[in-house]
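The figures here come from the full heavy-atom set of this structure, side chains too, leaving out hydrogens, waters and symmetry mates.
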Amino acid sequence: MQTKSGRDNQGGALEASVGSWGRKTGSAEFGGVSQDGSVDYFVAANSFREDGWRDHSPTDVRQLFAKVGWQNETSKLDLSYTGADNDMIGNGLTPSEMLRTLGRKTILTRPDQTRNTLSFLNLTGAHWFNSDVMLSGNVYYRSSNTRTLNGDGNDDVDDQEYQADCTGSNEAEDECGGALNRSRARKTGYGFTTQLSFNQDLMAYKNQFIVGLGYDHSKTRFSQFTEYGNLTDSRGVTGVGLFNEEDEQVKLTGKTKTWSVFATDTLSLSELWHLTLSARYNHTKVDNLDHITPADDEETLTGKHSFNRINPAIGLNFTPTKDLTVYGSYNEGSRAPTSIELGCANLLYLANCLTPWRVTHH
């Protein structure tokens, strides 16, 4: 995937719009090239705000992209930054009875909020040793923070035990009419990919061969818990400061390391037919640490896991004219489970892993 650059997008542009439901959007971009042509630069930003067509459903999206590049006759470098700060509320489904009575703008419970921040740095480079051989690759660093807040009804409430104000309750899960489910995921990652490309004939046929390797490292710190509360007349939930038991919460740190080796070859059998063969080998290790349940407990999420697989692919292209291409392919793909998925795969711990969703998520 190629992002915009100042070399291909010189000059500036501004755009703004307004619309229904309080929508306001704006974007700006500017790019250029140095006088000697060796350096180019590009920056773009956009903003999207909307109140939403449903009650209590605003969205606020802010994004930034900047890139600087350098090149000469045989080499090229690009450094880019991507940033985001988004606050989105997308309240869930509403029963049809409520829609018929209160209208399509109504919601069942609120909020259903997701807040995301992102910083992503990526350095790419390429160098031609000659007209047939090129070395290319990238190095990256990524940091993100995701918080969710879900106000829900609590189906565990016993109607006979329900209290309008259950602040002093010792049985909040049975007496509070609502719940606030919160989660946070802090993720950092870095890695690299490098490859060699050879555009050299093979047995008098045109051929392109690419071989490379990559490494990816990520760390995720995840937590999730529930605060009991009461539903308000505006369908919100007011917390009362009482939380689910610690052994029903989730506090997990997961580290993932993946080494990859890959190769692909495209052989032109004729001017019309082109055959592609490729394969990728991934070796992934996932190391989970449960901060609540000890490692010697059978319900712990702590564990070390390893996954290996070769994913093959084959494809055939037929190009009878410059404007027509017919192709067919077969490929296999896979990924290692995430730290959270591996924790929830423990059947002994499944109930606790899903504890926040015992409170009905509407």
Same cluster or not: are Phe318 and Leu277 linked, directly or through other Ile, Leu, Val, Met, Phe, Trp or Tyr residues, by side-chain heavy atoms under 4.5 angstrom apart? yes
Does a donor on one side chain sit under 3.5 Å from an acceptor on the other, for Thr302 and Asn288? no
Would Leu316 and Leu267 show up in the same hydrophobic cluster when neighbours are defined by side-chain heavy atoms closer than 4.5 Å? yes
Thr266 side chain to Gln208 side chain, donor-acceptor N/O pair below 3.5 angstrom: no
Are a donor atom and an acceptor atom from the side chains of Asn145 and Thr117 found within less than 3.5 Å of each other? no
Can Thr253 and His291 be counted as having a side-chain donor-acceptor contact under 3.5 angstrom? yes
Decide if atom CD of Glu245 counts as having more than 12 heavy atoms of other residues, nucleotides or ligands within a radius under 6.0 Å. no
Are the aromatic rings of Tyr190 and Tyr141 close, with centres under 6.0 Å apart? no
Would the number of heavy atoms belonging to other residues, nucleotides or ligands and lying under 6.0 Å from NZ of Lys257 be above 12? no
If only side-chain N and O atoms count, and only distance matters, is there a donor-acceptor pair under 3.5 Å linking Thr188 with Arg142? no
Is the shortest side-chain heavy-atom distance between Arg49 and Arg62 below 4.5 Å? yes
Rounded to the nearest 0.5 Å, how far does CG of Leu121 lie from OG of Ser143? 10.0 Å
For Thr293 and Thr300, test the side chains for any donor-to-acceptor distance below 3.5 angstrom and give the result as yes or no. no
Under a plain distance cut-off of 3.5 Å, with no hydrogens placed, do Ser17 and Thr25 share a side-chain donor-acceptor pair? yes
Looking at Tyr205, I'd like to know if its OH atom is crowded, meaning that more than 12 non-hydrogen atoms belonging to other residues, nucleotides or ligands lie closer than 6.0 Å. no
Tell me yes or no: between the side chains of Asp60 and Asn86, is some donor less than 3.5 Å from an acceptor? no
For Leu202 against Asn207, the heavy-atom pair lying closest together: CB-CB, 3.8 Å
In this structure, are over 12 heavy atoms from other groups packed under 6.0 Å from Phe192 atom CZ? yes
I'd like to know if the side chain of Asn311 pairs up with that of Glu332 as donor and acceptor (distance under 3.5 Å, no hydrogens or angles considered). no
Membership question, hydrophobic clusters at under 4.5 Å side-chain separation (ILVMFWY): are Tyr140 and Leu118 in the same one? yes
From Thr256 atom OG1 to Phe307 atom CZ, the distance as rounded to the nearest 0.5 Å: 9.0 Å
May I ask you to check whether over 12 heavy atoms, not counting those of Asn130, lie within 6.0 Å of atom CG? yes
Quick check: are there more than 12 heavy atoms from other residues, nucleotides or ligands sitting under 6.0 Å from CZ of Arg186? yes
Give the C-alpha distance, both sets of side-chain angles, the deciding distance and a yes or no for side-chain contact (heavy atoms from CB on, under 4.5 Å) between Phe209 and Leu196. CA-CA 8 Å; Phe209 176 67; Leu196 273 170; over 6 Å; no
Shared hydrophobic cluster, Leu275 / Val326 (ILVMFWY, side-chain heavy atoms < 4.5 Å): yes
Going by distance alone, is a donor N or O of one side chain under 3.5 Å from an acceptor N or O of the other, for Asp36 and Ser34? yes
